[in-house]
There are 2 protein chains.
Amino acid sequence: MIQTDWAMPAALKENVVPVPGQIETRLWLQLLSLHGELFASLNSMLNSEFGLSLAKFDVLAQLDRYRDGLALGQLSQNLKVTGGNVSGLVQRLLADDLISREMSSEDRRSFIVRLTPKGEALFRKAAEIHKKHLAKRFENVPARDLDSALSVLKSLSSNDHTESKKQSRKR
Amino acid sequence: MIQTDWAMPAALKENVVPVPGQIETRLWLQLLSLHGELFASLNSMLNSEFGLSLAKFDVLAQLDRYRDGLALGQLSQNLKVTGGNVSGLVQRLLADDLISREMSSEDRRSFIVRLTPKGEALFRKAAEIHKKHLAKRFENVPARDLDSALSVLKSLSSNDHTESKKQSRKR
DNA sequence: TTGACTTACTTCACATGTAAACGTATGCTA
DNA sequence: TAGCATACGTTTACATGTGAAGTAAGTCAA
């Protein structure tokens, strides 16, 4: 097919007639690698500085955003993890005294969790360092590259296909 | 759009004078989200079609690449996971009869693992579907966007700063 | 050769994640 | 109102990951 097939060195053909799935696979491996690196370094930083895992940090971030508290089911949806996982995380955060739990007044099956003052204070500090850590990690990357990385990642995300494409042209 | 720049409340101007770490954090969240989505869908596909987890698939991929076998320590380095983790993975893959293990002839502390014929056959099929799955996931993304996503991810990876920048200009 | 590191792997305790099976509370329908 | 389906959270069993401690084997200096 595709007519470059005759009389072309095999090595050059790869760029012209891409193997289906080749680029996508390389993209996935690159994503995996960057994710792994960042995850490990954020996780270890949070752990040594604040005794927090990234998982716990994510819970605190949700509760910081929803100051009126969240039911465990909502937490589980927002974090995109299973209920059983949230159950355990909440128990450990309760033990750390970073969150509080009370029964919902409307639904006796439901529990509402909130940040404690201690949890809020810890999250504020941790979020600050979290941000700085990422800024430092990428300090050598030009701002333009960061912008285009962000927009290209958005364009790959599943929800992007269903949204109305408001293409704000860069620059 | 954006012509709203005159007489703009400070709160809106944040795009002009970026908060340090803001973009980096958004980038991280976007990366996390895409990673999570792809990981879950690949993992669940491999599991239902082949009884494989992504972790096991990754081990098989390494052993497919190194046909002479790998010591557990090398496996652990290549996969960037701890030795304890590899230990368990190898035990489960042995139980699945997908890999074989023998003592190294040179070093009696060392074990060499290899694909069994069954493991190789399974990996071939799984790698094929893995590739197709990714291709399908991104079928609506223009090839140009995939290329730029790949190159921007590479530019964010830590090893990129130390490499000689051979910028193959696209197009 | 002996003694002291180092290396290779395993094991243990634990955190984080899933899926499935419960128990209990709600809510809807007949 | 009785009964059934659904929703909420917990528990269990398991996979995957870490870090630390333990065992056995290799290495090297004295």
Side-chain angles (χ1 to χ4, degrees), chain A residues 32 35-48 50-60 62 69-96 98-99 101-113, chain B residues 32 35-48 50-60 62 69-96 98-99 101-113:
Chain A
L32 208 46
H35 172 272
E37 183 220 322
L38 292 177
F39 186 95
S41 90
L42 281 174
N43 205 46
S44 120
M45 181 277 289
L46 286 174
N47 211 309
S48 63
F50 305 101
L52 284 177
S53 61
L54 209 36
K56 285 180 175 178
F57 180 83
D58 287 346
V59 173
L60 298 187
Q62 282 299 313
L70 281 175
L72 298 202
Q74 299 174 301
L75 206 41
S76 149
Q77 277 190 272
N78 293 359
L79 297 172
K80 298 190 178 70
V81 297
T82 58
N85 189 7
V86 166
S87 223
L89 271 168
V90 160
Q91 283 166 22
R92 291 187 293 273
L93 285 166
L94 283 171
D96 297 340
L98 298 175
I99 66 175
R101 176 162 90 162
E102 66 186 51
M103 206 198 304
S104 164
S105 47
E106 295 138 18
D107 186 338
R108 283 181 320 182
R109 293 168 303 179
S110 192
F111 294 101
I112 308 295
V113 287
Chain B
L32 208 45
H35 171 272
E37 183 220 321
L38 291 177
F39 185 95
S41 89
L42 281 173
N43 205 45
S44 118
M45 181 277 289
L46 287 174
N47 210 309
S48 62
F50 304 101
L52 285 177
S53 62
L54 209 36
K56 286 179 175 178
F57 180 84
D58 287 346
V59 174
L60 299 187
Q62 281 300 312
L70 280 176
L72 298 202
Q74 298 174 302
L75 206 41
S76 148
Q77 276 189 272
N78 293 0
L79 297 171
K80 298 189 179 71
V81 297
T82 58
N85 189 7
V86 166
S87 222
L89 271 168
V90 160
Q91 284 166 21
R92 291 186 293 273
L93 285 166
L94 282 171
D96 297 341
L98 298 176
I99 66 176
R101 176 162 88 162
E102 65 187 52
M103 206 196 303
S104 164
S105 46
E106 295 138 18
D107 187 338
R108 283 182 321 184
R109 294 167 304 177
S110 194
F111 293 102
I112 308 296
V113 288

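For the numbers below, each heavy atom of this structure counts, side chains included, while hydrogens, waters and symmetry mates do not. Just so it is clear: chains get the letters A, B, ... in the order the sequence lines come, proteins before strands, and each one is counted from 1.
- Residues forming a side chain to side chain contact (heavy atoms under 4.5 Å, CB included) with A:Val90 (at least two apart in sequence, or on another chain): A:Leu72, A:Leu75, A:Val86, A:Leu94, A:Ile99, A:Arg101, A:Val113.
- Residues satisfying the side chain to side chain contact (heavy atoms under 4.5 Å, CB included) test with A:Arg92, not counting sequence neighbours, are A:Lys56, A:Leu89.
- Put simply, CG on B:Asn43 is 10 Å from C1' on D:dA15, counting in whole angstrom units.
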Nucleic acid footprint by protein, nucleotides 21-26 of chain D - heavy-atom cut-off 4.0 Å, B for base, S for sugar-phosphate alone: ----BS
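- Every residue meeting the side chain to side chain contact (heavy atoms under 4.5 Å, CB included) condition with B:Ser104, not counting sequence neighbours, appears here in chain and number order: B:Glu106, B:Asp107, B:Ser110, B:Ile112.
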Protein proximity profile, nucleotides 11-21 of chain C - base contact B, sugar-phosphate-only contact S, no contact -, cut-off 4.0 Å on heavy atoms: B---SSSBS--
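- Distance B:Gln77 CD to C:dT7 P: 11 Å, rounded to the nearest Å.
- We find that CE of A:Met103 is positioned 14 Å from P of C:dT24, with the value rounded to whole Å.
- Residue pairs satisfying the salt bridge (charged side-chain N to carboxylate O under 4.0 Å, His left out) criterion with at least one member in residues 73-85 of chain A, sequence neighbours excluded, are absent.
- The distance from atom CG of B:Leu75 to atom P of C:dT7 is 19 Å, rounded to the nearest whole Å.
- Summarising the geometry, the separation between CG on B:Leu70 and P on C:dC9 is reported as 10 Å, rounded to the nearest angstrom.
- One can place CD of A:Glu37 at 18 Å from C1' of D:dG17, the figure rounded to the nearest angstrom.
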